[in-house]
Participant: 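Handing you this structure, nothing more for now.
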Amino acid sequence: MTGDTRACWLVPLRVRGTERLEVWFEDQASHGWVAEHLGFLSAVRLVLHRRADPPRYRYVIDPRRFPDVLEDDLIRAAGWEEIGTLGGKDVWRAPYEGARPDLFGH
């Protein structure tokens, strides 16, 4: 890894629970370490990228068992970005200022 990337091993096993994992992502981002893309092996080896001036991000791990394209399009239109999957669940993020946004009333 370079000075601009950091590997975090087995994050879903070390940080248990959806909400705690979302808070972990947001805490990392607040220190400049941002998850840009989650791939097939991210549940084992998650890569964070250093951002000198990162936006404030809200991360949400999608609770839906069966996401669909129409709902995903609506979520994107509301300003959320899907960054990949972690442990079989979609992970979304949105930059924000002010009040922390919710997704799915979450």
Side-chain angles (χ1 to χ4, degrees):
M1 303 264 80
T2 68
D4 292 334
T5 58
R6 173 190 288 178
C8 300
W9 295 90
L10 302 171
V11 170
L13 296 176
R14 291 186 301 114
V15 182
R16 294 189 181 265
T18 301
E19 289 180 20
R20 288 185 63 208
L21 193 51
E22 292 169 355
V23 169
W24 182 86
F25 274 115
E26 292 170 25
D27 182 59
Q28 296 299 307
S30 74
H31 291 94
W33 293 102
V34 178
E36 297 290 353
H37 173 75
L38 302 177
F40 177 69
L41 294 175
S42 291
V44 176
R45 181 178 175 264
L46 178 80
V47 176
L48 301 176
H49 299 273
R50 182 78 171 148
R51 301 258 309 256
D53 189 21
R56 210 165 150 195
Y57 280 121
R58 164 72 160 111
Y59 285 86
V60 172
I61 299 172
D62 193 341
R64 298 175 297 164
R65 291 181 59 126
F66 304 103
D68 73 29
V69 174
L70 180 58
E71 289 176 345
D72 287 355
D73 288 344
L74 291 171
I75 294 167
R76 282 186 195 90
W80 291 84
E81 172 189 9
E82 185 177 3
I83 62 168
T85 61
L86 187 63
K89 294 190 178 208
D90 293 338
V91 179
W92 296 85
R93 75 175 181 194
Y96 72 97
E97 293 180 19
R100 187 174 180 248
D102 285 333
L103 180 68
F104 309 119
H106 189 244

Participant: What heavy-atom pair brings G87 and A43 nearest, and what distance separates the two atoms?
Facilitator: N-CB, 4.1 Å
Participant: Does one hydrophobic cluster hold both L13 and V44, with members joined at side-chain heavy-atom distances below 4.5 Å?
Facilitator: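 In one cluster: yes.
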Participant: Atom CZ of R76 and atom CD of E81: how far apart are they, to the nearest 0.5 Å?
Facilitator: 9.5 Å
Participant: Would you compute the distance between atom CZ of F25 and atom SG of C8 and round it to the nearest 0.5 angstrom?
Facilitator: 9.0 Å
Participant: In the structure I gave you, are the side-chain heavy atoms of V11 and L21 within less than 4.5 Å of one another anywhere?
Facilitator: yes
Participant: So, is the end of the R93 side chain (NZ or CZ) under 6.0 Å from the ring centre of Y57 and within 45° of the ring's axis?
Facilitator: yes
Participant: Any donor and acceptor pair, going by atom type alone, linking the side chain of E22 with main-chain N or O of I61 inside 3.5 Å?
Facilitator: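 Checked: pair present.
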Participant: Rounded to the nearest 0.5 Å, what separation is found between the CG atom of L10 and the CG atom of L46?
Facilitator: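 With rounding to 0.5 Å, CG (L10) is 10.5 Å from CG (L46).
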Participant: Supply the atom-to-atom distance Y96 OH to W80 CH2, rounded to the nearest 0.5 angstrom.
Facilitator: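 So the OH of Y96 and the CH2 of W80 are separated by 9.0 Å.
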Participant: Rounded to the nearest 0.5 Å, what's the gap from CG on D4 to NE2 on H49? Could you check?
Facilitator: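 That separation rounds to 9.5 Å.
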Participant: Rounded to the nearest 0.5 Å, what's the gap from CG on D62 to NZ on K89? Could you check?
Facilitator: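 Those atoms lie 8.0 Å apart.
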Participant: Is there side-chain contact between R56 and E26, with heavy atoms separated by less than 4.5 Å?
Facilitator: no
Participant: Looking only at non-hydrogen atoms, find the nearest pair between R45 and A7 and report the distance.
Facilitator: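 So the minimum-distance heavy-atom pair works out to NE-CB, 3.9 Å.
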Participant: Under a 4.5 Å cut-off applied to non-hydrogen side-chain atoms, are I83 and V91 in contact?
Facilitator: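 In contact.
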Participant: Measure across L38 and T85 and return the closest heavy-atom pair with its distance rounded to 0.1 Å.
Facilitator: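 Heavy atoms of L38 and T85 come nearest at CB-O, 3.5 Å.
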Participant: For P95 and G79, work out which heavy atoms get closest and say how close.
Facilitator: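 Scanning both residues completely, I find the closest heavy atoms to be CD-O, 4.3 Å.
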Participant: Is there a side-chain contact between T18 and P63 in this structure, where contact means two heavy atoms from C-beta onward sitting under 4.5 Å apart?
Facilitator: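 Heavy-atom side-chain distance check fails, nothing below 4.5 Å.
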Participant: Using every non-hydrogen atom in the two residues, find where V34 and P54 come nearest and quote the distance to one decimal.
Facilitator: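 Closest approach of V34 to P54: CG2-CB, 3.9 Å.
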Participant: Could you tell me whether R51 and E36 have a side-chain N and a carboxylate O separated by less than 4.0 Å?
Facilitator: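 Salt bridge flag = yes for E36 with R51.
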Participant: Are R64 and E71 close enough for a salt bridge, meaning some N to O gap below 4.0 Å?
Facilitator: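 Yes, R64 and E71 are salt-bridged.
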